[in-house]
There are 2 protein chains.
Amino acid sequence: MSEKEQKKATIYDLSVVSGASPSTVSAVLNGTWRKRRISEETADKIMTLAKAHRYTANLQARGLRSSRSGLTGLLLPVYDTRFFSSMAQTFEAKARQRGLVPMVVSGRRDPEEERQTVESLIAYSIDSLFVAGATDPDGVHQVCLRAGVPHVNIDLPGKYAPSIISDNRQGAEMLTSAIIRHAEGMGPLAPEDVCLFGGRDDHASRDRVLGFHAVKQSIFGDDVPKDDIETTGYSPGMTALAFERFYEKHGRLPRCFFVNSSINFEGLLRFMGRHDGEAFGDIVVGCFDYDPFGSFLPFPVYMIKPNVSEMLDRGFDLLGEDALPEIIMIEPQLVLPRTALEGPLDAIKDPTPA
Amino acid sequence: MSEKEQKKATIYDLSVVSGASPSTVSAVLNGTWRKRRISEETADKIMTLAKAHRYTANLQARGLRSSRSGLTGLLLPVYDTRFFSSMAQTFEAKARQRGLVPMVVSGRRDPEEERQTVESLIAYSIDSLFVAGATDPDGVHQVCLRAGVPHVNIDLPGKYAPSIISDNRQGAEMLTSAIIRHAEGMGPLAPEDVCLFGGRDDHASRDRVLGFHAVKQSIFGDDVPKDDIETTGYSPGMTALAFERFYEKHGRLPRCFFVNSSINFEGLLRFMGRHDGEAFGDIVVGCFDYDPFGSFLPFPVYMIKPNVSEMLDRGFDLLGEDALPEIIMIEPQLVLPRTALEGPLDAIKDPTPA
DNA sequence: TTGAAAGCGCTAACAA
DNA sequence: TTGTTAGCGCTTTCAA
């Protein structure tokens with residue numbers, strides 16, 4: 001309670017106490033003073049004064065005047081999965097490294113909401129936008145284009161802006177062979193024992209299905225049934241239903257299956273909550289997404305971890321020039337069952353516990 | 001690609017095309033026109049024009065002029081746990097319901113970084129701030145106070161601002177009795193079979209330890225050893241080490257233990273990754289925090305789920321008046337093993353999968 | 001090496 | 001019922 005709420009100091013206040021003009025103060029405080037050939041002496045004096053008066057720039061005013069806000073946006077579908085929350089964490093760190101302030105928002109997989117949410121960012125004059133896993137990246141693109149906001153797509157590609165995505169095809173192949181190999185080690189496997197749950201009609205899901213089928217074919221030959229896919233959207237509830245249906249029909253879950261995202265994986269949890277171990281005794285599961293707790297469930301779970309850090313770095317690189325709408329693929333990582341990877345949490349220095 | 005990047009329309013553009021003055025346009029577009037007694041007719045015309053020209057207000061300018069930015073901040077320690085990511089998700093929804101734009105940032109449990117991060121929000125003139133789980137809430141308070149930013153503490157209390165926290169004492173009691181009851185069902189239990197891992201010297205941990213000991217005492221009597229606590233900080237690595245140490249010494253993990261947060265729980269995962277089932281055969285675990293995947297690990301896991309929605313609602317209520325620095329406790333929920341609760345993800349309408 | 005002055009887009013008295 | 005005007009705090013020519 002030591003200091004009172006005082007009006008924030010402005011460059012005019014510092015101009016008065018320093019005897020310099022507001023424009024000089026401004027230049028000193030925003031770092032352009034060297035090239036404005038202001039004497040080291042004046043600069044020092046002003047900076048000292050600024051510190052003493054706890055001056056911090058009003059970034060709204062700066063942004064209004066200079067039409068560069070210093071804000072960079074990240075549009076997520078949802079926060080509440082390990083994939084997207086670690087993306088938010090990593091994004092924030094990388095933005096701040098670059099002297100930008102991150103604004104993370106969620107579009108909740110609704111094209112209209114995505115556009116509106118982005119409009120709200122643009123209303124604050126964000127300088128750039130990362131569009132991650134958008135349901136309608138091209139709709140978002142239109143909005144950005146009108147406002148002249150440079151943007152890149154992450155994880156799910158769009159047609160009109162550069163896209164940096166996981167190599168879904170290759171990841172799906174790694175994952176599919178891993179789970180099949182594991183399941184085969186537990187007894188002979190038929191093609192109909194190997195299924196895929198989740199996903200929808202988007203770029204990522206299509207590539208994953210391609211990879212999944214390619215591997216099945218290479219193992220079981222050409223006569224694999226094509227009805228081994230249960231498309232459920234990205235909804236835990238729908239995915240749980242799909243598992244229930246399969247269970248009704250076959251009296252158990254498939255011995256070996258691929259789940260298309262951690263959100264679909266939550267559908268499996270719901271199924272598990274309603275059934276005991278018999279329903280899913282010796283299954284082997286693959287999940288396209290990594291969740292540390294998911295990796296330790298009571299059956300083997302292979303996971304694919306997208307390389308978020310790399311994707312974001314490439315994204316920041318591409319924002320500078322207005323790049324072509326090409327698609328850049330980043331190799332994801334196969335994570336073996338019962339693996340607790342280190343993450344952004346490990347980078348933080350926790351104060352001493354005692 | 002249909003529309004080109006055009007300069008954003010301003011109230012002056014609309015003033016020209018509508019024939020009304022800029023201030024009239026302004027009043028119409030910011031909703032104050034009724035009380036400025038502007039005719040419905042004029043208002044309609046301007047609104048139509050605004051729509052046609054895709055006008056959206058420049059919120060930096062509005063904020064600069066009116067000194068209300070429409071931004072509300074949420075300071076988190078980290079994004080990357082289910083507790084905080086679902087808080088971010090819920091916060092965003094509640095902020096938008098109230099016509100505010102959320103800015104979520106992470107202070108990474110570093111007092112200095114917390115203050116700096118909040119300064120960066122204040123530089124954009126946020127109207128209010130939620131301080132969740134801060135390591136140094138009172139340091140953040142000072143920063144907010146100087147800038148006149150109303151703020152509340154969530155989850156971890158501060159001395160100078162209103163705090164809305166989980167009832168940690170009561171939650172710990174629920175959790176402790178649940179795991180002890182469960183473990184007793186599997187065979188007789190001695191006081192030294194029941195331990196607590198994680199946490200540090202903060203308000204939440206202290207209350208949890210209190211609740212933990214109270215229940216142990218009520219069950220085992222007064223002679224419970226007080227060396228049943230392993231304080232590790234909020235770090236997966238440190239917590240894993242604590243489990244290793246215990247294992248070295250006793251050849252197995254305690255039969256029944258309380259883990260102080262999902263971050264500490266990740267330390268258990270790391271331990272599990274390095275040992276096979278014998279090391280933790282028939283353990284019963286309680287975790288103060290809920291994670292759906294954690295609930296389905298291969299041993300019984302009881303979890304406590306804080307009531308985030310309620311905490312945030314109360315927080316928004318308290319921001320209006322400048323409230324006293326009281327502590328409001330919200331009852332958390334005990335979640336039984338193998339429970340997949342619905343969450344923010346279920347509220348979202350997923351587009352049809354096909 | 002520095003200062004004066006205009007203006008970013010908006011709001012809010014005060015006039016009319 | 002509407003318009004005029006000043007200015008939020010800053011940057012940026014242009015002039016000195």
Side-chain angles (χ1 to χ4, degrees), chain A residues 6-47 50 53-71 122-127 147-148, chain B residues 6-47 50 53-71 122-127 147-148:
Chain A
Q6 64 219 20
K7 283 225 134 19
K8 287 194 69 178
T10 72
I11 52 169
Y12 292 98
D13 300 326
L14 294 179
S15 152
V16 171
V17 295
S18 71
S21 75
S23 56
T24 300
V25 175
S26 168
V28 169
L29 264 20
N30 67 24
T32 58
W33 60 279
R34 294 222 84 105
K35 79 170 180 216
R36 283 214 55 203
R37 327 175 109 260
I38 283 163
S39 72
E40 195 114 18
E41 193 185 11
T42 331
D44 281 349
K45 185 178 30 162
I46 291 174
M47 284 167 151
H53 290 251
R54 300 183 175 286
Y55 171 85
T56 56
N58 180 326
L59 264 24
Q60 294 214 83
R62 175 178 292 175
L64 177 58
R65 181 55 237 242
S66 65
S67 58
R68 298 205 71 256
S69 66
L71 294 167
I122 289 176
Y124 288 98
S125 308
I126 49 165
D127 296 333
Chain B
Q6 64 220 18
K7 283 226 132 21
K8 286 195 70 178
T10 72
I11 52 171
Y12 292 97
D13 300 327
L14 294 178
S15 151
V16 171
V17 295
S18 69
S21 76
S23 60
T24 300
V25 175
S26 169
V28 169
L29 263 20
N30 68 24
T32 58
W33 60 278
R34 295 222 84 106
K35 79 169 182 220
R36 284 216 52 204
R37 329 177 105 259
I38 283 163
S39 73
E40 195 115 18
E41 194 184 11
T42 331
D44 281 349
K45 183 171 39 152
I46 291 175
M47 284 168 153
H53 290 251
R54 300 181 175 288
Y55 172 85
T56 55
N58 180 327
L59 264 25
Q60 295 214 82
R62 176 178 293 175
L64 177 59
R65 180 56 236 240
S66 65
S67 59
R68 298 207 70 256
S69 66
L71 294 168
I122 289 175
Y124 289 98
S125 309
I126 49 164
D127 296 333

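Here is how names work: the chains are called A, B, and so on, in the same order as the sequence lines, proteins then strands, and each is numbered from 1. Please read these numbers as outputs of a predicted model, since none were measured by experiment.
A donor-acceptor pair is defined here as one N or O able to donate and one able to accept, closer than 3.5 Å; no such pair exists between the side chain of Asp44(A) and the backbone of Glu41(A). When atom types are taken as modelled, the side chain of Asp127(A) and the backbone of Arg68(A) share no donor-acceptor pair closer than 3.5 angstrom. Between the side chain of Ser15(A) and the backbone N or O of Ser21(A) there is no donor-acceptor pair closer than 3.5 Å. The closest donor-acceptor contact from the side chain of Ser18(B) to the backbone of Leu14(B) lies under 3.5 Å.
Taking the nucleotide of DNA chain D with the nearest heavy atom to each of Ser23(B) and Arg37(B), the more 5' of the two is matched to Arg37(B). Looking at which nucleotide of DNA chain D each of Leu64(A) and Thr24(A) is closest to, the 5′-most match is held by Leu64(A).
Residue contacts shown for Thr10(B) are limited to sugar-phosphate atoms, with no base heavy atom under 4.0 Å away. Here Thr42(B) lies in heavy-atom contact (under 4.0 Å) with sugar-phosphate atoms only. Across all strands, Ala27(A) comes closer than 4.0 Å to no nucleic acid atom at all (heavy-atom distances). If you check every strand for non-hydrogen atoms under 4.0 Å, Ala20(A) touches sugar and phosphate atoms only.
Among the nucleotides dC14(C), dT2(C), dC10(C), the one closest to the side chain of Ala61(B) is dC10(C). Distance from the side chain of Ser21(B) is smallest to dT4(D) among dT13(D), dT4(D), dG7(C).
Spacing between atom OH of Tyr12(A) and atom C1' of dT11(D) amounts to 10 Å, rounded to whole angstrom units.
Annotation: the terminal axes of the helix from dT1(C)-dA16(D) to dA16(C)-dT1(D) meet at 40°, where each axis is the rotation carrying the C1' atoms of four end pairs onto the next four (5 pairs per end, rounded to 10°).
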